Amino acid sequence: MENIERLPEKAFSNGDVYIGSFQGALPHGKGKYTWSDGTAYEGDWEDGKMTGKGQIIWVSGAQYEGDFAGDYLHGFGTFTGSDGSIYRGLWRMNIVHGFGKKQYCNSDIYEGTWKEGVHEGNGRYSWNCGNMYIGCWKGGKMSGRGVMKWANGDLYDGLWLNGLRHGYGIYRFADGGYYFGTWSNGLKDGKGLFYPAGSKHPYLKKWCSSRNSENDEKNLLPEEKPQRSIVKRSLSEKISAGGILKSSSRISHRGVSFRETWSRSDSSREFLCNDSSCALSHAYGGSQNLSQDNDASVYEREYMQGVLIKEKIRSHAEIPRKQKEHKAFHADEVKKSSCYNIFDGHWSQYLRLNLQLGIRYTVGKITPVPVREVRSSDFGERARIRMYFPRKGSQFTPPHDSIDFYWKDYCPMVFRNLREMFKLDAADYMMSICGDDGLRELSSQGKSGSLFFLSHDDRFVIKTLKKSELKVLLRMLPKYYSHVGEHENTLITKFFGLHRIKLRAGRKVRFVVMGNMFFTELRIHRRYDLKGSTQGRTTDQDKVDQNTTLKDLDLAYEFHMDKLLRESLFKQILLDCKFLESQQIIDYSLLVGLHFRAPERFKSLQPPDPANTQENLPSHNVGEHLQGEFQIPPNGLRLVTHEPSSVSTAPGPHIRGKTLKAYSIGDMEVDVLLPGTARLRVQLGVNMPAQAQHKLPANAQQDSAEVELFEVYDVVLYMGIIDILQEYNVKKKLEHAYKSMKFDPLSISVCEPHMYAKRFSEFLEKVFPVVP
């Protein structure tokens, strides 16, 4: 930089001084500007603004040297804070944005990508205590896939959310033991496998080697993959413009175009493509130490909020090869249902797109119609909306990437009123199903060969129907409409739409949109489908995973509820069964979801210490407090008087009806309070608190290797009556007669409607017994 002392000098009335080149009356070229408080900038100017290369030094001692544009720190530069921290990397309009490296005043180091001043994307954070995290960040916290390695040798590779382990992951202990399982908010939650130190199972060898090869590719930016260079994106602490720039008329906040200026070769940018695989390879001892040993024991464990509740010892040879939770259907499974072959290998993509196009059209057409009472004609044959969707589009339909199809919407005014009755906003309904995120296919077929899809936000389930099921629903729809209108607490499945797609070749797919009963704020740990029959009502334990829906004979609990809550439940169950019996419906079941709370025995160990919670820790100390598990599990649940202003009211298609009253707090409307989680409104079938009393199933023998550590759990129940479209027709009568010759008539699922309803309600009375 040329000597500016010999250039013209101009003093301002406010005490500021500029020495340098001018263009007219504005600084232009090289120059030095000193503010009255002592802050000084020396460098390039353009039309009165700091633009180009320069250095600014604040009175506090902080300084920045690098690129400027339009009075902004913009481009590549180095910022040294008054506390001794150093950031070297990209900036955008006074905020760190892009790839950069920061060394904090306590010697912590973050190296990776930033977005608007915080870590966002992929990056590496090294704590001064020796802990290190490599992986994804979001909003300044560890979120997504990442690897945390502690100074003592422990290592976790898996999913994160808001700085805590959340989702599936693998934890390797310093002594060589491994735990494969799931976490919720930093705590083990659900089923998993523990391999003690010394285990040499070949799966561990496969896992370690696959991680090494995957990370080399997955952690590269698109433009840098050919060079196998660095990270995709990352995150860090936000540095506000007010904190680094002097508030002055000379430092404006007008925007300028951003030009990527980082063209430097920096060896530090190579960290992730090399270290992510190295961290795994070294931390896991390399694949050379993993050999086959099928005689060693493995522990099948189940946790609830960090508390071990069940353990079963098995050998490696006994562990089944379970299917992936989200695997695609195999070719031999495809043949089971006619729906699979409709679209010549692209059925799933086309079907989902057709659903979205049709529902968007229907909701858009019916919503502007003035609200009115449903008439008898709204249930008739003429109450249909029909439309042809050619691929190239038409006067009424947009062009699309699917194939030509015909759309039919059944009883649109009826379902429009049902959606309003269930408190669903038309715009929210359409965005949930027809938004850009699309629909997700569920991983398994129904017993009848039906296909299932979930909306992207999990609020709605879409199921394909047989022609016979469609006819049953249309026949019972007037009575169904009246029943759900009269009984707002009904447990019966909530229907929101009934549609059909017909291809030009004549093939037809019918489907119904329903509410997802398990769209909840709390995690569902276990699911049961209860009919009250015993023949064939058990599940192969080797096929059970986190999402398996268990059956009647698998139920190992009875649930003790508040007296008034139980009375409300059975009053509605009897009303719903009476309705289904009047419609000659059988084969329905009560779907029950359980959210377990930490067992009571652990609640009195010691009081919660706010200093141990993630939210109260400064970000640079996070790595020191994530090792192993939190020592204090969340407390259980308790009933409190209902307070609408403080209760969580997250919207959901299952939320409808009055707040229930509880006998235990003086016949008052109640909320359930879950310390550390939420305060939830108690409704029929939603957020219902109970105690699960463990009991041995009548048909099962306890495995001597399996240990149940607790007898009583606090649980929150979610339930509803599903599968209500099976009519007791001639085919079912013949099935009942045939099976009655082989089995006890009371044990088989199929029986006449009155007997089915009676058996169903009597069985549930045993599941939810009266508490003395």
Side-chain angles (χ1 to χ4, degrees), residues 418-419 421-424 442 446 450 452 454-455 458-463 465 469 473 476 480-481 483-497 512-532 547 549-552 555 559 561 565-566 568-581 583 585-595 650-660 672 680-690 715-726 756-757 760-761 763-765 767-768:
L418 281 172
R419 291 193 293 270
M421 189 184 300
F422 296 135
K423 306 184 187 305
L424 286 179
L442 289 183
S450 298
F452 292 85
L454 271 178
S455 61
D458 293 344
R459 294 180 69 185
F460 304 101
V461 177
I462 300 176
K463 174 188 177 183
L465 299 178
E469 292 174 322
L473 181 51
M476 68 184 294
Y480 172 86
Y481 184 86
H483 181 77
V484 298
E486 294 172 4
H487 306 287
E488 63 179 358
N489 287 327
T490 182
L491 295 170
I492 290 178
T493 302
K494 295 169 177 59
F495 296 119
F496 304 122
V512 63
V513 183
M514 305 175 289
N516 178 14
M517 195 184 70
F518 293 152
F519 175 67
T520 67
E521 295 183 81
L522 304 179
R523 180 181 176 186
I524 303 298
H525 294 107
R526 205 161 296 171
R527 300 164 173 82
Y528 290 94
D529 183 271
L530 306 176
K531 290 188 175 183
N547 297 316
T549 300
L550 304 172
K551 300 178 182 178
D552 302 63
L555 184 62
F559 303 101
M561 304 177 70
L565 295 185
R566 184 185 182 278
S568 299
L569 175 64
F570 277 92
K571 179 180 178 181
Q572 191 59 53
I573 286 176
L574 293 176
L575 288 170
D576 290 339
C577 286
K578 183 177 180 180
F579 163 73
L580 295 173
E581 180 185 342
Q583 300 300 304
I585 300 298
I586 61 170
D587 258 1
Y588 49 87
S589 57
L590 185 73
L591 184 63
V592 180
L594 308 182
H595 171 81
H654 57 284
I655 301 290
R656 177 173 177 257
K658 298 178 181 179
T659 302
L660 297 185
V672 58
L680 305 172
R681 180 184 176 192
V682 178
Q683 296 172 275
L684 201 66
V686 181
N687 302 324
M688 297 189 71
V715 295
V716 181
L717 301 176
Y718 298 87
M719 63 187 81
I721 296 175
I722 64 170
D723 295 337
I724 65 168
L725 299 180
Q726 179 57 60
Y756 191 96
F760 178 74
S761 58
F763 172 73
L764 293 181
E765 287 178 350
V767 175
F768 301 93

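Computed over heavy atoms, backbone and side chain alike; hydrogens, waters and symmetry mates excluded. Owing to the predicted nature of the structure, the values given are computational and were not obtained by experimental measurement.
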* **Close side-chain approach of Ser455 and Asn516, heavy atoms under 4.5 Å** => no
* Is any side-chain heavy atom of Gln583 less than 4.5 Å from a side-chain heavy atom of Tyr480? -> no
* Asked: Taking C-beta and beyond as the side chain, do Asp723 and Lys463 meet within less than 4.5 Å on heavy atoms?
  -> yes
* Identify, with sequence neighbours excluded, every residue that meets salt bridge (Lys or Arg N to Asp or Glu O under 4.0 Å) alongside Lys551. => none
* To do: Find the distance between OG (Ser568) and CE (Met561) and round it off to the nearest 0.5 Å.
  => 8.5 Å
* With rounding to the nearest 0.5 Å, note down the distance linking CD in Gln683 to CG in Leu660. => 7.5 Å
* **Pair Ile462-Val512, side chain to side chain contact (heavy atoms under 4.5 Å, CB included): steps then yes or no** => CA-CA 6 Å; Ile462 300 176; Val512 63; over 6 Å; no
* Validation row: Leu580, Ile721 side chains within 4.5 angstrom (heavy atoms) -> yes
* Run the side chain to side chain contact (heavy atoms under 4.5 Å, CB included) check on Tyr718 and Val686 step by step: do they pass? -> CA-CA 5 Å; Tyr718 298 87; Val686 181; 4.1 Å; yes
* For Gln572, enumerate each residue passing the side chain to side chain contact (heavy atoms under 4.5 Å, CB included) test, keeping only those at least two apart in sequence or located in another chain. => His483, His487, Asn489, Thr490, Leu491, Leu575, Asp576, Leu684
* To do: Drop me the distance from Cys577's SG to Tyr588's OH, to the nearest 0.5 angstrom.
  => 4.0 Å
* What's the verdict on side chain to side chain contact (heavy atoms under 4.5 Å, CB included) for Tyr756 and Lys531, showing C-alpha distance, side-chain angles and the deciding distance? -> CA-CA 9 Å; Tyr756 191 96; Lys531 290 188 175 183; 3.7 Å; yes
* How long is the span from the CZ atom in Phe496 to the CG atom in Leu424, to the nearest 0.5 Å? -> 5.0 Å
* Asked: Do Lys494 and Val484 have side chains that get closer than 4.5 Å, going by heavy atoms?
  -> no
* Structure fact -> Sorted by chain and residue number, the side chain to side chain donor-acceptor pair (under 3.5 Å) partners of Asp552 (sequence neighbours excluded) come out as Arg537
* Taking the side chain as every heavy atom from C-beta outward, state whether Leu522 and Leu680 have any atom pair closer than 4.5 Å. => yes
* Between Phe763 and Leu530, which heavy-atom pair has the shortest distance, and what is it? -> CE2-CB, 3.9 Å
* Taking all atoms of both residues into account, what is the closest heavy-atom pair of His595 and His525, and its distance? -> ND1-CE1, 3.3 Å
* **Set of residues satisfying side chain to side chain donor-acceptor pair (under 3.5 Å) with respect to Ser589, sequence neighbours excluded** => Asp529
* Atom pair CG (Asp587) and CG (Leu725), whose distance is rounded to the nearest 0.5 Å -> 11.0 Å
* Leu594 and Tyr528, any side-chain heavy atoms less than 4.5 Å apart -> yes
* Structure fact -> Residue set satisfying side chain to side chain donor-acceptor pair (under 3.5 Å) with Gln726, at least two apart, ordered chain then number -> none
* To do: Write down the atom of Leu717, the atom of Val592, and the distance for their closest heavy-atom approach.
  => CD2-CG1, 4.3 Å
* Check Gly593 against Ile524 and note the closest heavy-atom contact, atom names and distance. => CA-CG2, 3.9 Å
* Asked: What do the steps show when you test Glu581 against Phe760 for side chain to side chain contact (heavy atoms under 4.5 Å, CB included), and what is the final call?
  -> CA-CA 11 Å; Glu581 180 185 342; Phe760 178 74; over 6 Å; no
* Rounded distance (nearest 0.5 Å) linking atom CE of Met688 with atom CG of Leu569 -> 5.0 Å
* To do: Identify, with sequence neighbours excluded, every residue that meets side chain to side chain donor-acceptor pair (under 3.5 Å) alongside Arg419.
  => none
* Asked: How about Ile573 and Phe768: do any of their side-chain heavy atoms sit closer than 4.5 Å?
  -> no
